Amino acid sequence: MSSPLHGLYAITDSTLLDDKQLLTAVEHAIAGGARIIQYRDKSSDQARRQQQASDLLRLCQQHGITFIINDDVDLAAAIGADGVHLGREDGDIAQARRQLGNGIIGVSCYNEWPLAEAAATAGADYIAFGAFFPSATKPNAMRATPDLLQRSRDLGLPIVAIGGITPENGRELVNAGADMLAVVQGVFGQPDIHAAACRYAALF
C-alpha cells in the first residue's frame, strides 16, 4: 500500500470556488489524481465551515483520500478529519496532538531549516517548505530553494513543496525530494480541474 502522504496535495481556496462549486471541484481533483485534500477557508462562519468540511470529509473517505484541515485544530477534531496543517501562528504541535491523538499533523516551515528540525523533534507527521516559485495565492511568501528538500531527507518525514508549482516546474522538486506537491491555483484555478490534476499526478 502506498503512503497516504505522497502525490498531489490539492488545497481548496474560497476565493476560487464558491460554495456551490466546492464539492464538485474537489471530486474532479480526486478523479484527476489528487491524493491529499486540504480544506482552507479563512472566513469566520463556523457553521458553514463545519458543514463544508464534513461534506468534504465524506467525499474523501468514499475515495480513500487523506483529508486535512488548514489551521483549525478544533474543526479537525470536531469532524474527525485525518489531520491538520499548522502555520506559524496556528498553535503548537503538542496541543494539536492532544486533541487529534494519532491524527496527521503537518507544519509549515517556510524556508527555515530550524523550523523543520523543531517540527520533527516535536512529532510532526510531515513538513512543508515554500514558496518555491512566485505564488498568486501568497505573493509575498518567502522563497525556498530545492536544497531544503534534499537536506530534509535526513529528518525521515514526508516533505511537501508549495508555492507557484506548475506541472512544468514540479518535476525539479520531486527529483529534489518532495513527496507531495501542494497546489491551489494550479488545480482549482483552472478551467478543467480534472485535467489539471492529471498533469500534476503524472509527476509521481
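Excluded from the calculations below are hydrogen atoms, water molecules and symmetry mates; all remaining heavy atoms, backbone and side chain alike, are included. None of these values were measured; they are calculated from a predicted model.
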Hey, can you tell me if Y39 and F67 have their rings parallel, tilted or perpendicular (30° and 60° cut-offs)?
tilted

If hydrophobic clusters are built by linking Ile, Leu, Val, Met, Phe, Trp and Tyr wherever their side-chain heavy atoms come under 4.5 Å apart, do V84 and V184 end up in the same one?
no

Stepwise side chain to side chain contact (heavy atoms under 4.5 Å, CB included) check, L115 with V107:
CA-CA 9 Å; L115 286 180; V107 178; over 6 Å; no

D45 atom CG: more than 12 heavy-atom contacts under 6.0 Å
yes

For residues V26 and Y9: do they belong to one hydrophobic cluster (side chain heavy atoms under 4.5 Å, members Ile, Leu, Val, Met, Phe, Trp, Tyr)?
yes

Interatomic distance, I127 atom CD1 to L155 atom CG [nearest 0.5 angstrom]:
5.0 Å

Rounded to the nearest 0.5 Å, how far does CG of D71 lie from NE2 of H85?
7.5 Å

Between L173 and F129, does a side chain to side chain contact (heavy atoms under 4.5 Å, CB included) hold up when you go through it step by step?
CA-CA 11 Å; L173 303 179; F129 291 108; over 6 Å; no

Residue pair Q46, R49: steps toward the side-chain hydrogen bond (donor to acceptor under 3.5 Å, both in side chains) verdict
CA-CA 5 Å; Q46 280 299 112; R49 294 175 73 248; 2.8 Å; yes

Output yes when a side-chain donor or acceptor of Q190 lies under 3.5 Å from a complementary backbone atom of Q185, and no otherwise.
yes

Are the side chain of R58 and the backbone N or O of A53 linked by a donor-acceptor pair below 3.5 Å?
no

Over all heavy atoms of both residues, which pair between L16 and Q21 is shortest? Give the atoms and the distance, please.
O-OE1, 3.9 Å

Exercise: identify the closest heavy-atom pair between I93 and A124
CD1-CB, 4.0 Å

Are V73 and I36 joined in one hydrophobic group, where the rule is that I, L, V, M, F, W and Y side chains link up if heavy atoms are under 4.5 Å apart?
no

Is there a side chain to side chain contact (heavy atoms under 4.5 Å, CB included) between T137 and R40? Walk through the geometry before answering.
CA-CA 12 Å; T137 304; R40 181 177 184 270; 4.1 Å; yes

Please name the pair of heavy atoms, one in G33 and one in A197, separated by the smallest distance, quoted to 0.1 Å.
N-CB, 4.4 Å

Rounded to the nearest 0.5 Å, the OH atom of Y200 sits from the CG atom of L181 at a distance of 8.5 Å

What distance do D74 atom CG and I69 atom CD1 have between them, rounded to the nearest 0.5 Å?
11.5 Å

Shortest non-hydrogen contact between G64 and R35, atoms and distance:
O-NH2, 3.9 Å

According to a 4.5 Å side-chain heavy-atom criterion applied to Ile, Leu, Val, Met, Phe, Trp and Tyr, with indirect links allowed, do I105 and I159 form part of one hydrophobic cluster?
no

K42, NZ atom: more than 12 neighbouring heavy atoms under 6.0 Å:
yes

Does D179 come within less than 4.0 Å of R153, counting only side-chain N to carboxylate O?
yes

Does the R88 side chain pair with the main chain of S108, one donor and one acceptor, at a distance under 3.5 Å?
no

Kindly compute the distance separating CG (D82) from CG (L100), expressed to the nearest 0.5 Å.
10.5 Å

Show the numbers, then the answer: is there a side-chain hydrogen bond (donor to acceptor under 3.5 Å, both in side chains) between R98 and Q95?
CA-CA 5 Å; R98 284 192 290 272; Q95 177 60 40; 2.8 Å; yes

Treating N169 as the side-chain partner and G164 as the backbone partner, does any N or O pair qualify as donor plus acceptor under 3.5 Å?
yes

Under 4.5 Å between side-chain heavy atoms, hopping through other hydrophobics if needed: is there a path connecting M142 to F132?
no

As an exercise, state the distance from OG of S152 to CG of D147, rounded to the nearest 0.5 Å.
9.0 Å

Start with the C-alpha distance between I37 and T66, add both sets of side-chain angles, then the distance that settles side chain to side chain contact (heavy atoms under 4.5 Å, CB included), and finish with yes or no.
CA-CA 6 Å; I37 298 293; T66 300; over 6 Å; no

Which pair of heavy atoms, one from N111 and one from R143, lies closest together, and at what distance?
ND2-O, 3.2 Å

What is the minimum heavy-atom distance between A96 and L86, and which atoms define it?
CB-CD1, 4.1 Å

